[in-house]
K.L.:
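What follows is a structure written as C-alpha cells; I'll ask about it next.
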Amino acid sequence: MGFLKEFKEFAMKGNVMDMAVGVIIGGAFSKITTSMVNDVLMPPLGVLMGGTDFSKLGVVIKKGVEATETTPAVAEVVWRYGAFIQQVVDFIILAFCVFMMVKVMNRLSNLKKKKEEEAPAPAPAPAPEPEPTKEEVLLSEIRDLLKEQKK
C-alpha cells in the first residue's frame with residue numbers, strides 16, 4: 001500500500017475526524033473559560049481582596065535598569081504568582097465543566113442502555129423452509145408423471 005493512500009485512510013477514519021473536531025471545540029471552550037476567569041470571576045475576587053488585580057501580583061526578583069548612554073536597558077525580573085493563580089482557577093473551572101459534560105454523557109448513555117434492556121426483544125424471524133432434497137424432487141416428479149398417466 002502506498003504511503004499517501006495509507007495516510008489518506010488514516011486521516012479519513014472517523015476517530016481522527018472526531019478528535020480534530022474535539023480539539024477545535026476544546027480550543028474555543030478554553031477561550032470561553034479564560035474569559036470567564038479573567039473577566040467574570042477575578043474582578044470580584046480582586047475587590048474582595050482589597051482591589052487587587054491578580055494578573056499583576058508578583059514579586060520583583062531583580063529590578064530593571066533603564067538604558068543610559070553607556071549601558072543598555074535591563075528588563076525587570078518578576079515572579080508572577082498572580083498569573084499562576086489565574087491559570088489554576090482557569091484549570092479548575094475547565095476541569096469541572098469537562099467533568100459535568102462527561103457526567104451528563106454517561107447519564108444519557110445509561111438511560112439509553114436501560115431503555116434498550118427494558119424494551120421487549122423483537123420476535124425472531126421465522127426460519128426459511130429448507131429446500132427439498134434431490135430425493136424429494138425426484139419423488140415429486142414421479143408423482144406428477146403418475147398423475148398425468150392416470151388422466
Side-chain angles (χ1 to χ4, degrees), residues 1-140:
M1 181 181 296
F3 178 78
L4 290 177
K5 185 177 179 184
E6 189 175 351
F7 178 74
K8 180 181 176 186
E9 285 180 14
F10 167 77
M12 299 313 273
K13 282 185 182 175
N15 293 342
V16 173
M17 299 305 279
D18 292 344
M19 185 178 71
V21 169
V23 167
I24 292 168
I25 290 175
F29 188 70
S30 176
K31 289 180 181 179
I32 291 170
T33 305
T34 300
S35 176
M36 184 175 159
V37 170
N38 293 342
D39 303 329
V40 177
L41 291 178
M42 287 307 193
L45 284 175
V47 169
L48 289 174
M49 303 271 304
T52 307
D53 179 6
F54 276 86
S55 64
K56 300 207 186 320
L57 290 177
V59 175
V60 177
I61 298 172
K62 181 179 177 185
K63 292 218 179 231
V65 177
E66 290 186 27
T68 62
E69 290 181 19
T70 58
T71 60
V74 176
E76 186 174 63
V77 179
V78 180
W79 180 50
R80 300 192 189 279
Y81 64 87
F84 176 74
I85 291 172
Q86 278 191 293
Q87 292 300 321
V88 169
V89 172
D90 194 8
F91 171 78
I92 290 170
I93 291 170
L94 184 63
F96 180 74
C97 291
V98 169
F99 169 74
M100 293 306 291
M101 274 190 340
V102 169
K103 188 171 178 140
V104 168
M105 294 299 285
N106 286 341
R107 183 168 287 159
L108 291 175
S109 176
N110 289 340
L111 284 175
K112 183 179 176 185
K113 285 180 185 176
K114 190 174 181 181
K115 282 185 179 180
E116 288 175 356
E117 289 173 358
E118 290 175 356
E129 289 192 29
E131 295 205 15
T133 63
K134 288 182 181 181
E135 292 173 345
E136 290 173 330
V137 171
L138 285 174
L139 288 173
S140 297

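Here the structure is a predicted model, which is why all the values come from computation and not from measurement.
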K.L.:
Working to the nearest 0.5 angstrom, can you tell me the gap between Ile25 CD1 and Ile32 CD1?
P.N.:
10.5 Å
K.L.:
Please enumerate all residues that pass side chain to side chain contact (heavy atoms under 4.5 Å, CB included) together with Val65, with sequence neighbours excluded.
P.N.:
Val74
K.L.:
For atom CD of Glu66, is the number of surrounding heavy atoms from other residues, nucleotides or ligands below 6.0 Å larger than 12?
P.N.:
no
K.L.:
When rounded to the nearest 0.5 angstrom, what distance separates CZ in Arg107 from NZ in Lys103?
P.N.:
6.0 Å
K.L.:
For Pro132, which residues count as a side chain to side chain contact (heavy atoms under 4.5 Å, CB included) partner, sequence neighbours excluded?
P.N.:
Glu136, Val137
K.L.:
Partners of Asp39 by side chain to side chain donor-acceptor pair (under 3.5 Å), sequence neighbours excluded?
P.N.:
Ser35
K.L.:
Sequence neighbours excluded, which residues qualify as side chain to side chain donor-acceptor pair (under 3.5 Å) partners of Ser30?
P.N.:
none
K.L.:
List the residues meeting side chain to side chain donor-acceptor pair (under 3.5 Å) with Thr71, not counting sequence neighbours, and say none if there are none.
P.N.:
Thr68
K.L.:
Mind checking what makes ring pair (Phe, Tyr, Trp, His ring centres under 6.0 Å) contact with Phe91, not counting sequence neighbours?
P.N.:
none
K.L.:
Would you give the length of the straight line joining atom CD of Glu76 to atom NZ of Lys63, rounded to the nearest 0.5 angstrom?
P.N.:
7.0 Å
K.L.:
For the residue pair Ala73 and Ala67, what are the closest heavy atoms and their distance?
P.N.:
N-CB, 3.6 Å
